Amino acid sequence: MKGELLLLSSVIFLLRVVCGCPTRCHCHSPSRAVDCSRQGLAEIPPDLPPQTLTLHLQDNQIHQLPAFAFRSVPHLRTLNLYNNSLSDLAPGVFHGLQHLQVLNLTQNSLHSLESRLFHSLPQLRELDLSSNNISHLPISLGKPWENLTVFAIQQNQLQQLDRELLESMPNVRLLFLKDNLWKCNCHLLSLKLWLEKFIYKGGITDSVTCVSPDTWKGKDLLKIPHELYQPCPFPSLGVGTWGVQQLGSAHRPGPGSPESPSTGQRDHSECELKPKPRPVNLRHAVATVVITGVVCGIVCLMMLAAAIYGCTYAAVTAQYNGGRLAQTDEPVKMEGKGPHDLAQA
Ligand SMILES: *[C@@H]1O[C@H](CO)[C@@H](O)[C@H](O)[C@H]1NC(C)=O
Ligand SMILES: *[C@@H]1O[C@H](CO)[C@@H](O)[C@H](O)[C@H]1NC(C)=O
Ligand SMILES: *[C@@H]1O[C@H](CO)[C@@H](O)[C@H](O)[C@H]1NC(C)=O
Ligand SMILES: *[C@@H]1O[C@H](CO)[C@@H](O)[C@H](O)[C@H]1NC(C)=O
């Protein structure tokens with residue numbers, strides 16, 4: 001009885017796997033690919049084959065995805081959501097996609113992303129976010145995203161990109177950044193430095209073309225000399241607040257340093273702050289050397305005093321002992337020996 005039931009359920013399961021293809025999609029069984037593109041879909045078809053590896057949902061009108069949207073296709077390797085109307089992604093939306101390798105979100109209306117979103121995609125290799133409206137990315141992903149090799153964020157509204165975020169993608173090899181609203185002030189210097197190292201190590205990137213300030217408009221970030229970034233020549237009033245906060249907290253000025261209340265001046269001081277830790281360190285170093293010197297001096301003096309005392313004591317003792325020996329029985333022997341010694345001499 002139990003066996004028959006099991007058989008029946010597995011037959012139904014197999015039938016669903018083989019024949020279960022959503023009405024408006026084409027299923028290609030050998031490659032386990034499901035193509036639901038250009039169907040005017042507003043949501044994900046509910047009856048996707050659970051073994052699906054590739055899911056094409058491009059050229060539809062999906063504007064929202066619920067949490068666990070892809071829970072029915074846990075083996076998914078490639079997900080294409082190109083040319084939809086997504087403006088927002090719930091944090092849990094890709095939950096359960098442990099094997100997803102390629103995620104294409106090109107040409108949607110996304111405006112920001114959360115770091116939690118990425119944490120559910122440990123195996124991701126290619127992430128395409130180009131042609132969206134993204135103006136904010138997470139400052140950092142917390143833990144490294146080891147398998148990511150392609151990161152595309154071109155044609156968005158980014159003004160800056162935090163170095164920490166790029167550092168959480170240690171194996172990225174292709175990076176597309178062009179056509180954003182890059183604000184080439186001192187805040188972008190860390191991106192420049194990171195990119196130089198990235199290219200030196202063989203990474204491939206397109207251009208970061210400055211959009212503001214006017215002085216650097218149209219210039220390639222990588223071609224602006226470092227020297228021109230310090231001190232920051234343009235107060236950045238409209239920089240994304242996270243960037244300013246980040247810098248402000250990372251390089252808070254020391255209690256003694258004068259700070260002007262005006263925003264421009266403060267930005268200016270923030271930009272100049274980078275080399276500031278050094279003087280503090282230097283002061284520490286000097287203090288350490290002075291203290292060490294004084295302690296060593298004292299120890300040396302003490303040792304000298306001890307040596308002098310030791311020598312004096314030894315000399316006095318020797319003298320005293322000599323005198324004492326001279327007064328006791330030794331002199332007899334010595335007197336006895338004396339002539340011999342003299343004779344030998
Ligand atoms: C985007 O998808 C729509 C259908 O939703 C289609 O008409 C349009 O041609 C597509 N755009 C591109 C650039 O492929
Ligand atoms: C995403 O889709 C677009 C349009 O089909 C394509 O040009 C792009 O190469 C894809 N990105 C990735 C990472 O496959
Ligand atoms: C993208 O943002 C710009 C301004 O930030 C806005 O004008 C445009 O309508 C947005 N596009 C979409 C598709 O949301
Ligand atoms: C990266 O991919 C490899 C092989 O696919 C996998 O073993 C490893 O766990 C992945 N890395 C992370 C951080 O998940």
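Note that the coordinates shown come from a computational prediction; the quantities given were computed from them, not determined experimentally. Numbering starts at 1 and runs along the sequence shown. Atoms within a ligand are numbered from 1 in the order they appear, just like the ligands themselves.
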Tell me the protein heavy atom at minimum distance from atom 11 (N) of ligand 4, and give that distance in Å.
Asn147 ND2, 2.9 Å
For the pair Leu222 and Val208, evaluate side chain to side chain contact (heavy atoms under 4.5 Å, CB included) and give the outcome as yes or no after the intermediate values.
CA-CA 7 Å; Leu222 288 173; Val208 175; over 6 Å; no
Give me the nearest non-hydrogen protein atom to atom 4 (C) of ligand 1 as residue plus atom name, then the distance to 0.1 Å.
Asp59 O, 3.8 Å
Can you list the ligand 1 atoms lying under 4.0 Å from a non-hydrogen atom of Asn60?
5 (O)
CD/Glu114: more than 12 non-hydrogen atoms of other groups inside 6.0 Å:
yes
Of all protein heavy atoms, the one nearest atom 1 (C) of ligand 1 is Asn83 ND2, 1.4 Å
Atom 5 (O) of ligand 4: nearest protein contact (heavy atom, Å):
Gln123 OE1, 3.0 Å
As a quick check of understanding, evaluate side chain to side chain contact (heavy atoms under 4.5 Å, CB included) for Phe94 and Leu124, giving each step before the final call.
CA-CA 11 Å; Phe94 299 120; Leu124 203 67; over 6 Å; no
So is Gln101 in contact with ligand 4, going by heavy-atom distances below 4.0 Å?
no
May I ask you to list the atoms of ligand 4 that are less than 4.0 angstrom from any heavy atom of Arg125?
5 (O)
Does Lys178 pair with Asp206 as a salt bridge, N-O distance under 4.0 Å?
no
Report the C-alpha separation of Gln154 and Asp179 in whole Å, then their side-chain angles, then the decisive distance to 0.1 Å, and conclude whether the side chain to side chain donor-acceptor pair (under 3.5 Å) test is met.
CA-CA 6 Å; Gln154 77 265 33; Asp179 297 328; over 6 Å; no
Going by the atom numbers of ligand 1, which of them fall below 4.0 Å from some non-hydrogen atom of Gln61?
5 (O)
Atom 12 (C) of ligand 2: which of Asn104, Leu174, Leu81 has the nearest heavy atom?
Asn104
I'd like to check atom 7 (O) of ligand 4 in this structure: does the protein have a heavy atom lying under 4.0 Å from it?
no
Tell me the closest heavy-atom pair linking Ile44 and Ala69, and the distance in Å.
CD1-CB, 3.8 Å
What do the steps show when you test Gln157 against Ser135 for side chain to side chain donor-acceptor pair (under 3.5 Å), and what is the final call?
CA-CA 5 Å; Gln157 318 263 331; Ser135 58; over 6 Å; no
Under 4.0 Å to a heavy atom of Pro122 - the qualifying atoms of ligand 4, by number
12 (C), 14 (O)
So if I count the atoms of ligand 2 from 1 in the order they appear, which ones are less than 4.0 Å from some heavy atom of Asp128?
1 (C), 8 (C), 10 (C), 11 (N), 12 (C), 13 (C)
If we number the atoms of ligand 4 from 1 as shown, the ones under 4.0 Å from a heavy atom of Glu146 are 13 (C)
Non-hydrogen atoms of Gln107 versus ligand 1: any pair closer than 4.0 Å?
yes
Could you list the atoms of ligand 2 found under 4.0 angstrom from a heavy atom of Tyr82?
4 (C)
Is any side-chain heavy atom of Thr52 closer than 4.5 Å to one of Arg32?
no
His119 atom NE2, over 12 foreign heavy atoms within 6.0 Å
yes
Atom 13 (C) of ligand 2: of His56, Gln58, Glu126, the nearest heavy atom sits on Glu126
Heavy-atom nearest pair, Asn84 first then Leu57, reads ND2-O, 3.0 Å
